[in-house]
Structure formats: structure tokens, C-alpha cells
> 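Okay, handing you the structure first.
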4 protein chains.
Amino acid sequence: MAKTGGIAADRLKQIVARIERLEEDKKAVADDIKEVYAEAKGAGFDTKILRQVIRLRKLDGAEYQEQEALLELYLQAIGLTHQNAA
Amino acid sequence: MAKTGGIAADRLKQIVARIERLEEDKKAVADDIKEVYAEAKGAGFDTKILRQVIRLRKLDGAEYQEQEALLELYLQAIGLTHQNAA
Amino acid sequence: MAKTGGIAADRLKQIVARIERLEEDKKAVADDIKEVYAEAKGAGFDTKILRQVIRLRKLDGAEYQEQEALLELYLQAIGLTHQNAA
Amino acid sequence: MAKTGGIAADRLKQIVARIERLEEDKKAVADDIKEVYAEAKGAGFDTKILRQVIRLRKLDGAEYQEQEALLELYLQAIGLTHQNAA
DNA sequence: AACGTTGAAATAGTTC
DNA sequence: GAACTATTTCAACGTT
């Protein structure tokens, strides 16, 4: 039985291998992204601004949802909809 | 001269002591915050909502600035104000 | 009813104010800690190692040794001992 | 002039689209990794130690030993050796 | 009391 | 090499 000091060694090896494989994939994608930025830079675009655009576009949807949630919460807080214990 | 293997031991000890002192302070404040939440809960408020309110109030100012930056960036991107190399 | 709501709302505002005040304090202390690290760096100390020192001092020995042992076990299981990690 | 801007704007849109596509891929892989860790945890492995194993395998021995030596030095300087951290 | 979720801290990487 | 940003790791909290 493939145990080393109570550890299922084979299982552990599999897990480690899978993670390392996936991390390689991830690195490959990250490198692709870098390439695109480099290419963009070569085409005369400002990569710093480009990164900000990407970041803000990501935030956009999230922010909208946050605002919605905020409104909801304020309504509850002011109207004491839920936590009215007084 | 107070050196151990090339390290200024006294200086290091001082630094460690200062950091540990400050971390105690920080923990004390964190505990105070917990207390307030516990008290609020005792008064019938929903701590989850309370935490969200705090978080969103914090975000508020930041988000406004992000939006401003986004507008600025889009203006640059569409008008190609800076990176117009074509 | 509006009265009750009003009282609870006042209470809520107080709570929020207290928490936000405390979080400012906490941030101030956190900033102080950062400053000490920056100062230490300026004096030639390696901040990463310094953080490790602080962390080790916080851990009690039992916990530390437990983790070390478990790590060793895992490394052995995958056929990579701590010593020959090179 | 409007034309040039238009062409560059199209190019910019393409770039942004490509990056966002790649970032989705990256996120998907990152999620896969998380899943593996979750699965490992379900199988009884300590994920924190597991992460350490992965990290150690990535490090080359020289770097690792350097850091260990420096840590030892600091601990000695403040009168706390690695062994008697208890 | 373990689990997942979320927020803070720390580390690594990039740019200037 | 110093500052800023992004990613990763760690710890706290609520939940079941």
C-alpha cells in the first residue's frame, strides 16, 4: 500500500503534478498577455493607460452592483426593515 | 561593538521591539472594533449588513475617483490624445 | 413607529461613526508599522526576513514544529527531502 | 485625421478585446487550481503545507539556502535561534 | 467546529 | 533601485 508515514503518497504526487501543470498553463496565458501589451506598445499605445482601461472596465460592472447593494442597504438601514429591534 | 555575524544586533532588537509593540496596539484596536460589532448585535442590528454599510461607505469616495479617471482615460483613448502614433 | 425608527437610526449612526473612527486608528497604526519596516530597510535590513522573524516569534514552538514535521512528511512522500531541494 | 484616429481606435478595441479574452482564460485556469486545492483538502491534505511544497519545488536550492542563512543570522542577533523558538 | 467567503497583508513583478 | 501595481497568501468572520 503506497503510504509514507501515513500519507497517501501517490495521491499527493498526482495533486502536485496537476497543480504544477495548471500553473504552467497559467504562466503561458500570462505570457501571452504580456506579448499583447508589448505588441500594443510597439504600435504606439501607452501600456500604462491600456492597463488602467482594462482594470477600470473590470471594475465597472462590479461598481454598479456595489451601488445597487448600497442603495438596498441604506433603504434597510433607514427604514430599519430587518433589524428593527427597538 | 554590538555586531553578531555582521548584523547590528541592538538596532535589530529595537526594530523588532517597536514592530511588536505596534502590532499589539493594532490588535487592541481590532478588538475594540469587534466589541462594537458585538454591542451592535446585542442592540438588535444585523452585523452583516452593518459590515457592508461600512465597506460601501469606504468604497464610495474611491469609486468616484475611479469614475473620473475612467472618463479621462476614455477621452484619451477615443481621441487618442497621447498615444496617437498611427 | 417613526420615533422608534428614529432612535434606532441614531443609534446606528453612532455605531457606524465609532467603527469608522476605530478603523482610522487601525490604519494609522498599520501605517506606523510600514514606516518602521521602511526605516529598517533603509538601515540595510532585509524586510522579508525581518517579517519572518516577527512571525516566528509569534508562533509558539509546538505549532512551528508541527508544521515543519508535516512539511517534511509531504516532501518525503513526493520524494523530495528538504535538504536536497536544489 | 478622423480616419487615422478611427483606425487606431479599432486597433485599440482589438487589443482590449484580446487582453480581456486572455484574462478570462487566466481566471479559468486559476479557478481550476483552486479546485484542485479544494479537492486536496477534501482528501485530507493540509493546503497550506501543500502550497509550501509547491513553492519549495519552484525555488532553486541556492536561493533557499541563502534565505535560510540570513534568517538564522537575524534570529541569532536577537538571541532567538531557530531551534529554541518554543 | 469545519467550511466557504471575503478582506487584509505580503510578495512578486513592472515601470521609471 | 525606488515606487507602484498586480498577484498570492493568510487570517477573520459568518454559516451550516
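Throughout, a chain's letter reflects where its sequence line sits, starting with A, and its residues are numbered from 1.
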> Would you verify whether the NZ or CZ of C:R51 falls within 45 degrees of the ring axis of C:Y37 while also being under 6.0 Å from that six-membered ring's centre?
yes
> Nearest-Å distance, NZ (A:K27) to C1' (F:dT8)?
16 Å
> List the protein contact pattern of nucleotides 9-16 of chain E with one symbol per nucleotide (5' to 3'): B for base contact, S for sugar-phosphate-only contact, - for none; contact means a heavy-atom distance under 4.0 Å.
SSSS-SS-
> How long is the line joining CG of A:D31 and P of F:dT7, in whole Å?
13 Å
> Under a 4.0 Å N-O cut-off, is there an ion pair linking D:E39 with A:R11?
yes
> How many Å lie between CG on D:L50 and P on F:dT9, as a whole number?
11 Å
> Over all heavy atoms of both residues, which pair between C:A77 and A:A9 is shortest? Give the atoms and the distance, please.
O-CB, 3.5 Å
> Taking C-beta and beyond as the side chain, do B:E20 and C:K58 meet within less than 4.5 Å on heavy atoms?
no
> Using atom CD1 of D:I54 as one end and atom C1' of F:dT9 as the other, report the distance to the nearest whole Å.
14 Å
> Do other residues, nucleotides or ligands put more than 12 heavy atoms under 6.0 Å from D:R18 CZ?
no
> Looking at B:L12, is its backbone amide N or carbonyl O close enough to the side chain of D:Y74 to form a donor-acceptor pair, meaning the two atoms are under 3.5 Å apart?
no
> Determine the contact category for B:K58: base if any of its heavy atoms lies under 4.0 Å from a base atom, sugar-phosphate if only primed atoms, P, OP1 or OP2 are that close, otherwise nothing.
sugar-phosphate
